[in-house]
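Encoded as structure tokens, the structure appears first; notes follow it.
Quick note on labels: first sequence line is chain A, next is B, and so on, each numbered from 1. Note: hydrogens, waters and symmetry copies are ignored here, and every other heavy atom, side chains too, is used.
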2 protein chains.
Amino acid sequence: MNILTRMQDALRRFKAQIFQALAHPTRIAIIEALRDGELPSSRLMALLKVEQPNLSQHLAVLRAKHIVVNRKVGNQVYYAVRDPVLIDVLDLLRKYFNSHLAETKAMLGEMAPRGRRRP
Amino acid sequence: MNILTRMQDALRRFKAQIFQALAHPTRIAIIEALRDGELPSSRLMALLKVEQPNLSQHLAVLRAKHIVVNRKVGNQVYYAVRDPVLIDVLDLLRKYFNSHLAETKAMLGEMAPRGRRRP
DNA sequence: TTAGTATATTCATAACTTCGCATGTACTCA
DNA sequence: TGAGTACATGCGAAGTTATGAATATACTAA
């Protein structure tokens with residue numbers, strides 16, 4: 001197996017890892033919330049309405065893939081998207097979503113929030 | 001909860017599903033192989049060097065999300081990427097990969113094909 | 001019809017992901 | 001020092017995904 005093939009395999013595994021890291025609604029919401037700049041974890045928690053340990057775990061996933069970076073300021077930890085190209089990726093997918101809206105309606109139906117009902 | 005919020009949630013779930021579908025090296029290789037047009041399943045099998053049932057299962061994942069479309073011609077089934085915007089997404093990630101190459105070298109090490117890690 | 005080729009599906013098992021809960025760490029301020 | 005805040009980590013249950021092996025379906029050609 002030559003070195004070029006191996007490089008391409010590595011690149012595919014890399015892409016797959018990035019996709020995997022982005023493959024969760026909460027993590028996508030995190031990226032979107034950070035679109036215009038950094039925010040402290042506490043602010044994300046308030047915006048996304050998720051439990052603190054859960055948010056922290058999702059942030060850990062994004063950190064592990066270097067999708068977000070963080071800096072500590074006193075008591076708080078500010079998070080930011082490392083590379084805006086990921087925002088572009090999300091924007092492309094919004095376009096994709098819109099241009100196939102009719103065809104994906106069925107899919108959306110099956111994507112209803114799991115077992116959630118009026119409280 | 002208002003309708004706009006609900007729509008945004010749906011969009012995020014949709015994006016997450018697309019990312020999940022793309023989150024596998026073999027499926028990424030499929031998309032890349034189809035970059036310049038449709039190919040029959042048999043050709044994909046030869047290119048990717050995977051077992052036939054395995055390829056078929058990955059194609060089923062991509063079909064379920066309408067990422068690829070297929071048409072039957074006699075004995076064979078031709079597959080094509082439905083929307084070239086997904087090719088653009090992969091290209092963006094290649095850019096991303098290249099611009100962070102140094103920083104992701106460590107990550108690449110951990111991404112070696114399973115079971116080749118040293119203690 | 002039968003044999004052969006191309007592709008899809010089913011099944012079992014193993015590996016991974018997600019969540020809530022409990023706990024741990026790090027920092028601030030009195 | 002101690003109490004409080006902000007965030008991270010470890011754990012176990014439940015659910016999801018990936019794989020190879022076996023089998024099924026669909027089409028072609030003789």
- [ ] Look at Arg43(B) together with Glu38(B) and state whether they make a salt bridge at an N to O cut-off of under 4.0 Å.
- [x]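 Salt bridge absent between Arg43(B) and Glu38(B).
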
TODO: May I ask you to say whether Asp9(A) pairs ionically with Arg12(A), meaning some side-chain N is under 4.0 Å from a carboxylate O?
DONE: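 Salt bridge flag = yes for Arg12(A) with Asp9(A).
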
Using whole Å, what does the distance between atom [atom2] of nucleotide [N] and atom [atom1] of [X] come to?
X	N	atom1	atom2	answer
His24(B)	dT17(D)	NE2	P	12 Å
Leu59(B)	dA18(D)	CG	P	13 Å
Gln76(A)	dG4(D)	CD	C1'	14 Å
Leu44(A)	dC7(D)	CG	P	9 Å
Leu55(B)	dT9(C)	CG	C1'	14 Å
Glu51(B)	dA21(D)	CD	C1'	10 Å
Lys65(B)	dT16(D)	NZ	P	12 Å
Asn54(B)	dA14(C)	CG	P	18 Å

Task: Nearest-nucleotide comparison on DNA chain C, the residue closer to the 5′ end among Pro40(B) and Gln57(A) - done: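 Going by which nucleotide is closer to the 5' end, it is Pro40(B).
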
TODO: By nearest nucleotide on DNA chain C, pick out whichever of His58(A) and Tyr78(B) is the more 5' one.
DONE: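 This one resolves to Tyr78(B).
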
Task: Base dA8(D) paired with Gln52(A) side chain (donor-acceptor, <3.5 Å) - done: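 Looking at the base of dA8(D), it does pair with a donor or acceptor on the side chain of Gln52(A) (distance under 3.5 Å).
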
Open item on the list: Between Tyr79(B) and Arg71(B), is there a side-chain donor-acceptor contact under 3.5 Å, judged purely by atom types and distance?
Closed with: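 The criterion, which ignores hydrogens and geometry beyond distance, is not satisfied for Tyr79(B) and Arg71(B).
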
TODO: Using only heavy-atom distances, determine whether the side chains of Arg27(B) and His58(B) contain a donor-acceptor pair under 3.5 Å.
DONE: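 Per modelled atom types, Arg27(B) and His58(B) side chains form a pair under 3.5 Å.
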
Open item on the list: Can you tell me how far apart CZ (Arg35(A)) and CG (Leu90(A)) are? Round to the nearest 0.5 Å.
Closed with: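 The CG atom of Leu90(A) is 7.5 Å from CZ of Arg35(A), to the nearest 0.5 Å.
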
Sub-3.5 Å pairs of nitrogen or oxygen atoms, protein against nucleotides 25-30 of chain C:
unit_1  : atom_1 : unit_2   : atom_2 : d
dA26(C) : O3'    : Lys72(A) : NZ     : 3.3
dC27(C) : O2     : Asn75(A) : OD1    : 3.4

Task: Evaluation steps, salt bridge (Lys or Arg N to Asp or Glu O under 4.0 Å), between Arg94(A) and Glu32(A) - done: CA-CA 12 Å; Arg94(A) 184 159 39 76; Glu32(A) 290 177 346; over 6 Å; no

TODO: May I ask you to say what Arg27(B) touches in the nucleic acid, namely base, sugar-phosphate or nothing, with a heavy-atom cut-off under 4.0 Å?
DONE: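 Since only primed, P, OP1 and OP2 atoms lie under 4.0 Å of Arg27(B), the category is sugar-phosphate.
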
TODO: Report which part of the nucleic acid Ser56(A) touches: base, sugar-phosphate, or nothing (heavy-atom distance under 4.0 Å, all strands).
DONE: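 Ser56(A): base contact, heavy atoms under 4.0 Å.
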
Open item on the list: Test of understanding: clusters of I, L, V, M, F, W, Y form through side-chain heavy atoms closer than 4.5 Å, transitively. Do Met7(A) and Leu93(B) belong to the same one?
Closed with: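 Linked within one cluster.
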
TODO: Establish, with yes or no, whether the OP1 or OP2 oxygen of dA8(C) is under 4.0 angstrom from a side-chain nitrogen or oxygen of Tyr79(B).
DONE: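 Yes, because at least one side-chain N or O of Tyr79(B) sits under 4.0 Å from OP1 or OP2 of dA8(C).
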
Open item on the list: So, OP1 or OP2 of dC7(D): does either fall under 4.0 Å of a side-chain N or O from Ser42(A)?
Closed with: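 So the side chain of Ser42(A) is within the cut-off, an N or O lying under 4.0 Å from OP1 or OP2 of dC7(D).
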
